Amino acid sequence: MTGENRIDKLRKLSRQTYLHNRKRKKLSSLEDELRDYVYIFEGVKLTQAEERELSYKKEIYELAKEHFVEENTDEYKMPDAYDIDGAINQEKRFSVANRRRRDTEAVEMMKFFAELDAWEEHQKGKSTLKFGSQDGKNAAEDYNYVFEDQIDFVQLSGIDEEPSEAESGSISRGLMEERKTLPIYSFRDELLHAVNDHQVIIIEGETGCGKTTQLPQYLHEAGYTKQGMIACTQPRRVAAMSVAARVSHEMGVKLGHEVGYSIRFEDCTSEKTVIKYMTDGMLLREFLGEPNLSSYSVVMVDEAHERTLSTDILFGLVKDIARSRKDFKLIVSSATLDAVKFSEFFDGAPIFRIPGHRFPVVPYYTRVPEADYIGAAISTVLKIHVTEPLGDILLFLTGQEEIESVDGMLKERTRGFGTKIAELIICPIFANLPTELQAKIFEPTPEGARKVVLATNIAETSLTINGIKYVVDPGFCKTKSYNPRTGMESLVVNPISRASANQRAGRAGRTGPGKCFRLYTEYSYKHELEDNAVPEIQRTNLANVVLTLKSLGIHDLVNFDFMDPPPSEALLRALEQLFALNALNAKGELTKTGRRMAEFPLDPMLSKMVVASDKYKCSEEIVTIAAMLSVGNTIFYCPKDKQVHADNARMNFNPGNGDHIALLNVYNAWKEMEYSTQWCYENYVQVRSMKRAHDIRDQLEGLLQRVQIDIRSNPSDLDATKKAIASGFFPHAAKLRKDGSYRTLKNPQTVYIHPSSGVVRVHPRWLVYNELVLTTKEYMRQVTDIKPEWLVEIAPHYYHLKDVDDPAIKKMPRGQGKPALWQWNSQIKMGRVGMR
DNA sequence: GAGCACTGC
């Protein structure tokens, strides 16, 4: 090494020392900034922007801290800035090994802080720095860490990320390097040519091939974003968020600038945004405001094989756009073998197959069909635990009840073994499990122990658990189906599809080779299971779909280009219902009410209720009820062991005024307690559901202004609120019969009040219900008593006086129709009700 | 006096 070279090198090193010191200062100032921020906002409810800012600050600080390791400071004191002579002297005293170590350190530090600078520049909005182009290799390594940290952070804040769809492969080290090792990279040019030559292409790529993160970037690099944005739709919110975060890191831009995401309640985009990840439902909503999607040049429908309601509708709509806009490009990406079907639907669009890198999973089948799959599942889990090498187990079950009982049985069975076998940690997970208990499955398994995760379908697509090596698949799941003739929903246990079986098995091969124990025969797998599950559009109430399509100006629904058309009976039923609600006129066109209703992201009967609240001057109350109802029946948490308490708590909100008013009471009580989490625990109310209701309520309130409905409250007049409810739900009216059952007025059938209802013993003579579910009986869930004359008053086109004429009313003994409510209340307070 | 698969707007 010549002297000059040596000095150059030292000069460089000394500059790095200077940098190091500067960065150290920066680190401490970051720390101060963060501390201030936390301090200022302590105890204050943050706005979304503040929340984002805070998490950004935390992220930056954590990153800086993580990488700012001052190792070897004892042996090596950093020379002062620009002190070249000092540096040379220091240098002389150093051994080769130490020098090398320090060199590496310095280079790494440099890389990291170069990145930190870039981030900061962005924060100030001063410049755009793209690592992909010039300094890719250097920046790359640390970006890898950035992502890992990011995910940790996401997990810590309780968000279940979905890295498998985000192509989280951490096999290679450098970021640019990593991008290049993704299977999709070798198809880059080919894909770009194909997109150039064809308007629609189908991508069939396995998990981990890089399609979700890379393709939009390739298109951006190729200049497609000059004419408009690239949209990439995801079926789930977290996926949209985490993929957007990943891509913004890869591109070296701040999330929300060039790369952003848009989901309900949260729009993280700006005027700069060119790549936009969004939920499919969100793109559908955007159609309403921009029917030809003119601000987009490319739409990529990702995870199309999941066939959500929204993707299925999007298919028909974007196919139409592709015909009218020649500059528009469409990419449909799917993971399974039904790409041919997509291609046929899109007039023979070319298909690209991109391999993924996944570890092999060996399937095992039972020799004969299992009669008792629960028993079989438990013995399989125990067998794995005793005979197979360490690695966590994932067992798929159908619901909460099953999970809880298997949990108990496994605990009992393992107790007998004592210390003869390794510890088996049992982790239940299902969507209704409170978040703090859900977090348990992400805790790493202790040395020498084994974890068994008992999960519903939630683990099939929505969340990924690392370290799973064995999957036990009994082959069943619960699915919702809808009978358009009776308007009844039911939740039944069905065999899964082959696609699901493969998806479940794949969960064992994420971090290494795995095994999948299927509790059915190979013959069943090959010949009895359906290829794919029935798409949602064929087994759901279509009222909302029809309203959306109508407000897009699509009138001929029977000939709408559905990939799998829904049963025509379901379409007719939906049209009928919208007509009854006065959302459509006799010609099938939207009315003014219908247009207002379409603004709300609610089921049509709920949105009708909201629109009608204007007339009864109780929009404040109705919006709360609508928000609570659209959260679903997960407001109350009911652990098995505390059922009595939970039941009592629930009944306290229901002084016999009907379940809708009870929901209103719950919300208002929570509001009164300043949205306290503690209050929720005390009253067996799910915190998560309440927060969600709060968000929905805010959104609905905003939309009320949009359709010019004033927010007015009328707390003293319950009848007004009930009338507004009836204005939406009058098609769901039922009348008491002598034996305590009910008869629905239209499409007469015998139904019962659900036992969880607060008025199950009150037996109101007339009522409206929110939904009809078929379980052990035909149950009405969420009911409210009404006066029969309201029906004629509210819906004279639907009910006539003779429908509500009620000769039985005179024959009823006094008090039967209207029991003493105070008595009911006192029973609740004394804790008698709910006990047996 | 019974039961809540999972998403999404």
Side-chain angles (χ1 to χ4, degrees), chain A residues 160 162 233-240 262-266 278-288 303 306-314 396-404 429-433 455-463 476-481 489-494 496 500 533 536 539-540 544-545 547-548 598-603 606-607 626-627 630-640 643-644 646-647 650-651 686 689 692 695-696 699-700 703 740 752-758 760-761 771 773-781 833-836:
Chain A
D160 319 325
E162 172 50 285
T233 71
Q234 295 292 318
R236 276 171 294 280
R237 295 160 53 90
V238 269
S262 171
I263 56 181
R264 189 181 185 180
F265 311 129
E266 212 182 326
M278 62 213 295
T279 45
D280 44 15
M282 204 65 199
L283 186 61
L284 197 56
R285 279 271 139 192
E286 286 196 7
F287 257 97
L288 293 175
E303 312 288 339
E306 287 195 26
R307 304 292 305 277
T308 66
L309 197 55
S310 303
T311 31
D312 267 21
I313 301 163
L314 279 176
F396 283 99
L397 294 166
T398 62
Q400 176 176 352
E401 209 181 349
E402 228 173 72
I403 287 174
E404 279 168 355
I429 177 108
F430 42 90
N432 277 350
L433 194 72
T456 59
N457 249 9
I458 195 171
E460 196 177 298
T461 48
S462 306
L463 59 88
F476 293 98
C477 70
K478 268 190 192 166
T479 32
K480 197 164 91 175
S481 62
E489 288 178 338
S490 50
L491 203 53
V492 280
V493 175
N494 276 324
I496 57 172
S500 280
E536 193 182 357
R539 49 182 175 85
T540 192
N544 208 8
V545 173
L547 185 63
T548 309
E599 290 287 331
F600 294 93
L602 297 169
D603 273 345
L606 282 172
S607 35
S630 60
V631 167
N633 46 343
T634 56
I635 300 281
F636 295 99
Y637 177 61
C638 188
K640 238 183 183 175
Q643 203 181 332
V644 177
D647 276 355
R650 190 179 59 221
M651 288 300 182
Q686 295 249 30
S689 302
R692 211 179 127 70
D695 284 339
I696 296 176
Q699 189 190 25
L700 294 181
L703 290 169
Y752 303 85
I753 299 185
H754 196 277
S756 68
S757 164
V760 67
R761 292 220 192 150
E771 57 179 356
V773 290
L774 177 65
T775 50
T776 51
K777 270 184 184 174
E778 293 84 354
Y779 282 116
M780 300 177 282
R781 252 204 306 244
V833 180
M835 286 210 244
R836 257 177 300 186

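The structure presented is a predicted model; accordingly, all values stated were derived computationally and were not measured. Here is the naming used below: chain letters follow the sequence lines, and residue numbers restart at 1 for every chain.
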[X] side chain, from C-beta outward: closest of [options]:
X	options	result
A:Phe430	B:dA5, B:dC9, B:dC6	B:dC6
A:Arg650	B:dC9, B:dA5, B:dA2	B:dA2
A:Lys478	B:dC9, B:dA2, B:dC4	B:dC4

Euclidean distance, atom [atom1] of residue [X] to atom [atom2] of [N] [Å, nearest integer]:
X	N	atom1	atom2	answer
A:Tyr752	B:dA2	OH	P	12 Å
A:Leu774	B:dC4	CG	C1'	15 Å
A:Lys777	B:dG3	NZ	C1'	14 Å
A:Glu771	B:dG3	CD	C1'	13 Å
A:Leu547	B:dC9	CG	P	18 Å

Quick one: is [X] getting a side-chain N or O under 4.0 Å of the [N] phosphate, OP1 or OP2?
X	N	value
A:Thr776	B:dG3	yes
A:Thr775	B:dG3	yes
A:Arg781	B:dG3	no
A:Thr456	B:dC6	yes
A:Arg237	B:dC9	yes
A:Thr279	B:dC9	yes

message = One thing to verify: whether A:Glu489 and A:Arg781 come together as a salt bridge, which I'm taking to mean a side-chain N less than 4.0 angstrom from a carboxylate O.
response = no
Hits for salt bridge (charged side-chain N to carboxylate O under 4.0 Å, His left out) against A:Glu536, two or more places apart or cross-chain, chain-then-number order -> none
Those residues at least two apart in sequence (or on a different chain) that pass ring pair (Phe, Tyr, Trp, His ring centres under 6.0 Å) with A:Phe287 are none
The reported gap from CD in A:Gln686 to CZ in A:Arg692 (rounded to nearest 0.5 angstrom) is 12.5 Å
Does A:Asp647 get its side chain close enough to the base of B:dA2, under 3.5 Å, for a donor-acceptor pair?
yes
Between A:Thr398 and A:Gln699, whichever has its closest DNA chain B nucleotide further toward 5' is A:Thr398
By nearest-nucleotide position on DNA chain B, the 5'-leaning member of A:Ser310 and A:His754 is A:His754
The residue among A:Arg237, A:Arg285, A:Met278 that forms side-chain contact (heavy atoms from CB on, under 4.5 Å) with A:Arg264 is A:Arg237
